[in-house]
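These notes concern the structure reproduced below.
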Amino acid sequence: MSDYKKTLNLPSTEFPMRGNLPKKEPGFIERWDSEELYFKMLKKREGKELYILHDGPPYSNGHIHLGTALNKILKDFFIKYKHLKGYKTPYVPGWDNHGMPIENKVTQEDKEVKELLKDRTALKKPEVKIKIREKCREFAKYWVEVQKKEFKRLGVLGDWEHPYLTMSTEYESEELRIFADLVEQGYIYRDMMTIHWCPKCQTALALAEIEYKEKESPSVWFRMKVKEDKANLFDGDEGYALVWTTTPWTIVSNLGLMFHPDFTYVVFEYEGTKYLVGEPHLERVLKEFGWEDIKIIKKVKGADIEGTVFWHPFIKRESPAVLAEFVTEEEGTGIVHTAPGHGKEDFEVGKKYGLGVLSPVNERGEFTEEAGEPFVGLSIDEGGKKVLEIMEQNGTLIKVGKIIHSYPHCWRCKSPLIFRATTQWFLSVDHNNLRKKALNEIKNVRWHPEEGENRIYASVSERPDWVLSRQRAWGVNIPALYCKKCGHVILDPQVIRNVADYFEKEGSDAWYKHPVEDFLPEGFKCPKCGGTEFDKEMDILDVWFDSGASNLTVLKESRGLRWPADLYLEGSDQHRGWFNASLMLGVAKRDRAPFRAVVTHGWVLDEQGRTMHKSLGNVIHPDEIIEKYGADIMRLWVASVDYTEDVKLGKEILQRMVDSYRKIRNTYRFLLGNLYDFDPEKDSLPYEELMPLDKFMLHKLETLKREIDKHYDNFETHRVFHRYFNFVVVDVSAFYLDVLKDRLYTWGKESKGRRSAQTVLYEILKTLLITFSPLLSFTTEEAWQYLPGKHEESVFLADWPANRDEWLNETLASEFEKLLEVRDAVLVALEIARKEKKIISDRLEARVLLKVDGEERNVIEKYRDLLPELFIVSQVELVSKEPDAEVTYEKDGIFIGVTHAKGKKCARCWVWHEEVGKDPDYPDLCPKCVAVLKGK
RNA sequence: GGGCCUAUAGCUCAGGCUGGUUAGAGCGCGCGCCUGAUAAGCGCGAGGUCGGUGGUUCAACUCCACCUAGGCCCA
């Protein structure tokens, strides 16, 4: 009986059922590398239109995380897709190397550097800087190599041997030349700016280096006498503004008083003296002072107080009233002491009102000459006490208490920070209409998702001038000169270009290594005093300038690239970061946005939708996933989610991806198994000779391909995934392949019916592999190797399947959709027959009686011979009355009856047939099988 | 505190922008079948009232307001 099994055409393939991805994937990477697949891909598209995705450089200071993995995988999706579509897609990965995190790491952990830095002033010495930079370079280089391996492990193809590094000599010199151009065009200027400063470490701190901690400070209440009472607050009498501060030392630098424009202010009289205070603050302040029996004189709106002038409490200096929204109701008096040199808001307001800036404090946190006697040389704490002393004496001090509040501290030495005004280099955002031009360019860029446009627009229209300088060691220097004679600061394009030439040859350490004379053009003199001796600027450029310049330094013809890029693809946090910086520099230099389209993705969150955080213990590392499941599972996950929003990842989600993967893989496997004896060149049938069901599947395949194509083009890879997966599961696996088994297994090996099916199976498999290869790169490549017939050595060297209009057959498709509706109803009836009535177990034991009315009747009759195959039952009988059977079922005018099939079960094809046994040579076979075995 | 965004079955996504029959799909789950895709394959079924509250409307998951939770950026 089982002898007949050998006469069947059962599937056969070497393509393994199990993926074993963690083990197998590295082999593919090696092969792609050694066979130079990336370059072969480029070569294949020689002369074709370019599609340039410009890589946003990740920071080289540790292993990649899920966010960077997500990012690179998405980039790989679109590059591969565009390549398959016929574009030439060179991809040059980049790394961002300079900057604070690496410098901090080195200065904190490198023994040699730590030793050098025991002397806190050492940081200023060129040789120490060179040492630090050397260590930083080593550090960055190490992590570039690590990340490179990790990115490659994800299956990302690109020119990994020639990436761009912001610390490379080539990059640094080009960057400096761009800077020189900007100087020449007048974008760069110098101005004061307040920064967080650690007096102990004697260094500026970036926002990320600040820790907020509780601190006890004095709570100082004092009064400032009116000088010019423009708003007639006090009716010609002597009057005082009540002011509060927690940093008495900054009173030395007071240059104004802030009022809230919308608050109401109250003038009241206490013991014969008139005072001004915010109305919301009045009660609290009186209680604080223990003042009773006051008399309210009048109320004034904050906005009206603007322009009133007060006297500094102890210096003969004016302090005008200005308006600002920073003033709060909760604290103080509603009148805020303003020292533009010592506070961010103060600085902004001071700049707006032209108050000037006083910052008479040196790097060690000591008062300078500028502070005047008796403060010179005092520390800020001592100075603060002195201030209180003086105000106590002259009667301006009202009360001193204590307050515990959150205050910024240095992350390194944990001591409280101060605000200091320093001179910095700026890029003017409004020079040459830069902002306006940039805003205009934003409209010409395709943003995905669309909300990105609002976000970048807001950040460009609101952004202040760009502070370019950093007081750091690890970065590209700003090659400015200080005239030794007159102190004049010079930023000369020619000098900068000379420096750039040195950078190109020696790297940016050249700035420290060479004497300043080496950089000067012949006969260079201080334009102000004619001096010929200069000091070098020690500030470096903001790292956002580094990466923001990448479009200009990297997208060059000499690299086979082109400016502007077709696509930028980064996390949505880059609207304010890299997109912004790139846009500014791109527009400043070339009057155009450096990108044609910008795609952004969200954050990777845990399964509950919370940020992954060490302290929450919910962090997942990419290599955990790769080692356990493989990169294709990760890629499949990326493909399955709508990345424009935040995406969740966790155990269940991964398990679902593994399940999906198995289904896809097994379907590939089964397709391959049924093509073991099929040579597409010899055995394919022309379209006209295909069986109707097979033509129908080509119609579905063609539709699928076109939809997927559209989704890729719209950057909607999750729609690609869902559409594709649904096709694989529903149309191919559950329907087509299941129905086809009889034809594939039991019909003659070279029968037309079988070849017809194989012709379509081959097209399906090939299309499935190519169209999904950007997403599921390893597995499609693996399966590709088993594809029969002549084909490219790699799926990535194939072309996106061309549109086949002739495969679209709407008439046939709508007929089959109707048949499928009937099929669905039949399946329900069969389930009843099996489960409730137990008259059948296997579907082939069933005989189906069918009565269909209306237009569907014609279709059913047209394809009546196909119905048993389609339902996978042994017999189908069309009846004209509602069937009288053991099992009946009706749905939407489709009447179904189920009985047990007549005749006997054919031992070979298992189909029940009344003519089984008719042939004496094969007493247990049906006529069809007999014919097959007798070779027709 | 401000800007932008998100919230549909256990999971991943549709739908709704142009408000109107029982809100769809696949996976997972449950129950079966098969043993000629077998650490596979097939079928059937049960799951949501669309984050919450209020409003507009004859009618809202879909429009508006507020709230809650979460995310990114900024302060």
Side-chain angles (χ1 to χ4, degrees), chain A residues 2 4-13 15 17-18 67 207 325-326 328 344-345 348 449-459 461-463 571-577 580 600-611 636-637 639-642 644-663 665-674 716 718-719 721-730 733-735 737-739 741-742 744-746 823-824 826-836 838 840-845 872 908-910:
Chain A
S2 64
Y4 293 119
K5 188 165 175 179
K6 291 178 195 128
T7 71
L8 298 172
N9 313 304
L10 293 178
S12 163
T13 177
F15 182 72
M17 180 176 252
R18 300 209 45 186
L207 242 49
E325 317 244 332
F326 307 116
T328 66
K344 191 176 161 53
E345 289 86 9
E348 281 172 30
E450 288 170 11
E451 297 84 60
E453 181 167 345
N454 293 333
R455 222 169 145 172
I456 185 93
Y457 196 92
S459 81
S461 45
E462 286 160 20
R463 72 161 297 160
S572 62
D573 54 329
Q574 296 305 330
H575 286 108
R576 206 166 272 269
N580 199 313
T600 56
H601 61 255
W603 234 236
V604 182
L605 310 174
D606 74 6
E607 218 148 14
Q608 280 80 38
R610 291 170 314 179
T611 319
L636 205 56
W637 166 72
S640 73
V641 295
D642 179 2
T644 61
E645 293 165 19
D646 294 335
V647 291
K648 290 189 273 189
L649 183 59
K651 241 176 133 189
E652 177 173 3
I653 294 169
L654 277 170
Q655 192 49 50
R656 290 294 85 78
M657 294 335 295
V658 170
D659 294 337
S660 306
Y661 176 81
R662 286 215 187 100
K663 186 70 191 187
R665 185 177 179 95
N666 263 317
T667 304
Y668 292 167
R669 182 164 182 269
F670 191 61
L671 286 164
L672 283 169
N674 283 297
E716 296 179 313
H718 68 290
R719 286 179 190 257
F721 170 85
H722 284 282
R723 182 68 181 81
Y724 183 97
F725 189 60
N726 213 70
F727 180 77
V728 167
V729 171
V730 179
S733 179
F735 171 61
L737 293 179
D738 207 29
V739 164
K741 280 175 192 168
D742 180 68
L744 289 166
Y745 295 176
T746 71
R823 182 179 193 261
D824 283 341
V826 169
L827 290 180
V828 174
L830 289 172
E831 190 64 22
I832 297 168
R834 170 159 47 211
K835 226 171 185 170
E836 292 174 21
K838 304 199 194 295
I840 59 162
S841 47
D842 185 346
R843 271 155 70 174
L844 283 174
E845 290 172 32
I872 319 184
R908 184 170 174 273
C909 70
W910 294 347

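So that the names make sense, note that chain A is the first sequence line, chain B the second, and so on, each numbered from 1.
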(Q) When you measure from the side-chain N and O atoms of A/Arg662 to the phosphate of B/rG28, is any distance below 4.0 Å, counting only OP1 and OP2? (A) no
Q) With a 4.5 Å heavy-atom cut-off, do A/Glu462 and A/Arg576 have their side chains touching? A) yes
Q) When you measure from the side chain of A/Leu827, which nucleotide among B/rC13, B/rG36, B/rG43 comes out closest? A) B/rG43
Q) Does A/Ser733 place a side-chain N or O at less than 4.0 Å from the phosphate oxygens OP1/OP2 of B/rC42? A) yes
Q | Heavy-atom donor-acceptor pair, A/Arg908 side chain to A/Thr746 backbone, under 3.5 Å | A | yes
Q | Distance, rounded to the nearest Å, where A/Arg576 contributes CZ and B/rC74 contributes P | A | 6 Å
Q. Roughly how far apart, to the nearest Å, are B/rG52 and B/rA46 at atom C1'?
A. 28 Å
**Q.** Length of the NE2-P vector between A/His718 and B/rU8, whole Å
**A.** 14 Å
(Q) Applying a 4.0 Å non-hydrogen cut-off, can you work out what A/Ser640 is touching in the nucleic acid: base, sugar-phosphate, or nothing? (A) sugar-phosphate
Q: Starting from C1' on B/rA39, measure out to CZ on A/Arg18 and report it in whole angstrom.
A: 7 Å
Q: May I ask you to say what A/Gly602 touches in the nucleic acid, namely base, sugar-phosphate or nothing, with a heavy-atom cut-off under 4.0 Å?
A: nothing
Q) What interatomic distance, in whole Å, is found between C1' of B/rC29 and the corresponding atom of B/rU12? A) 16 Å
Q) Which of these nucleotides, B/rG36, B/rG43, B/rA37, is closest to any side-chain atom of A/Glu831? A) B/rG43
Q. Short question: side chain of A/His575, backbone of A/Ser572 - any donor-acceptor pair under 3.5 Å?
A. yes
Q: Could you please name the option among B/rC11, B/rG41, B/rU12 that lies closest to any side-chain atom of A/Asn666?
A: B/rG41
**Q.** Proximal nucleotide (of B/rG71, B/rG26, B/rC44) relative to the A/Thr611 side chain
**A.** B/rG71
Q.
Closest-nucleotide mapping onto RNA chain B: is A/Glu607 or A/Thr644 further toward the 5' terminus? I mean the 5' end.
A. A/Thr644
Q: Please work out if A/Arg463 contacts a base, only the sugar-phosphate, or nothing of the nucleic acid, heavy-atom cut-off 4.0 Å.
A: nothing
Q) Counting only N and O atoms by type, is there a donor-acceptor contact under 3.5 Å from the side chain of A/Asp646 to the main-chain atoms of A/Gly602? A) no
Q) Counting side-chain heavy atoms from C-beta on, which of B/rC27, B/rC4, B/rU35 comes nearest to A/Trp910? A) B/rU35
Q: For A/Tyr661 and B/rC27, give me the distance from atom OH to atom P, rounded to whole Å.
A: 18 Å
Q: Identify whether any heavy atom of A/Asp642 sits under 4.0 Å from a base atom; if not, whether one sits that close to sugar-phosphate; answer base, sugar-phosphate or nothing.
A: sugar-phosphate
Q) Atom CG of A/Asp646 to atom P of B/rC72: distance rounded to whole Å? A) 7 Å
Q: Kindly say if A/Ser841 contacts the phosphate of B/rC34, meaning a side-chain N or O under 4.0 Å from OP1 or OP2.
A: yes
Q. Is A/Trp603 near enough to B/rC72 that one of its side-chain N or O atoms lies under 4.0 angstrom from OP1 or OP2?
A. yes
Q) Within less than 4.0 Å of OP1 or OP2 of B/rA37, is there a side-chain N or O belonging to A/Tyr745? A) yes
Q: Give a yes/no on whether any side-chain N or O of A/Arg719 is located under 4.0 angstrom from OP1 or OP2 of B/rG15.
A: yes
Q) Does a distance-only test, which skips hydrogens and angles, find a donor-acceptor pair under 3.5 Å between the side chain of A/Thr667 and the base of B/rA37? A) no
Q) In whole angstroms, how far is the P atom of B/rC11 from the CG atom of A/Asp606? A) 13 Å
Q.
Using OP1 and OP2 only, check whether a side-chain N or O of A/Lys835 sits under 4.0 Å from B/rG45.
A. no
Q. Where the side chain of A/Arg656 is concerned, which of B/rG43, B/rG36, B/rG28 is the nearest nucleotide?
A. B/rG28
Q. Hey, which of these two, A/Phe725 or A/Gln574, hits RNA chain B nearer its 5' end, going by closest nucleotide?
A. A/Phe725
Q) Roughly, in whole Å, what's the span from CD in A/Glu451 to C1' in B/rU6? A) 10 Å
Q) Quick one: which of B/rC42, B/rU6, B/rG28 gets closest to the side chain of A/Glu645? A) B/rU6
Q: Using atom types as modelled and distance alone, determine if a side-chain donor or acceptor of A/Arg834 lies under 3.5 Å from a backbone N or O of A/Asp842.
A: no
(Q) Counting C-beta onward and ignoring hydrogens, is there a side-chain heavy-atom pair between A/Ile653 and A/Lys648 closer than 4.5 Å? (A) yes
Q.
Check the orientation of A/Phe721 and A/Phe725. Use parallel for under 30°, tilted for 30 to 60°, and perpendicular for over 60°.
A. parallel
Q: Decide yes or no for A/Val729 and A/Thr667: does some side-chain heavy atom of the first lie under 4.5 Å from some side-chain heavy atom of the second?
A: no
Q. Of the candidate nucleotides B/rA39, B/rA14, B/rG10, which contains the atom at the shortest distance from the side chain of A/Met17?
A. B/rA39
Q: Look through every strand shown and name the nucleotide pairing with B/rA65 as Watson-Crick or G-U wobble, where both distances are under 3.5 Å.
A: B/rU53
Q.
Without decimals, in angstroms, what is the distance between A/Phe735 CZ and B/rG26 P?
A. 15 Å
(Q) Measuring to OP1 and OP2 of B/rA7, would you say a side-chain N or O of A/Lys648 lies under 4.0 angstrom away? (A) no
Q. Of the candidate nucleotides B/rC44, B/rG36, B/rG3, which contains the atom at the shortest distance from the side chain of A/Arg455?
A. B/rG3
Q | Any N/O donor-acceptor pair, A/Lys344 side-chain to B/rA75 base, under 3.5 Å | A | no
Q) Out of B/rG28, B/rC13, B/rA75, which nucleotide sits closest to the side chain of A/Glu345? A) B/rA75
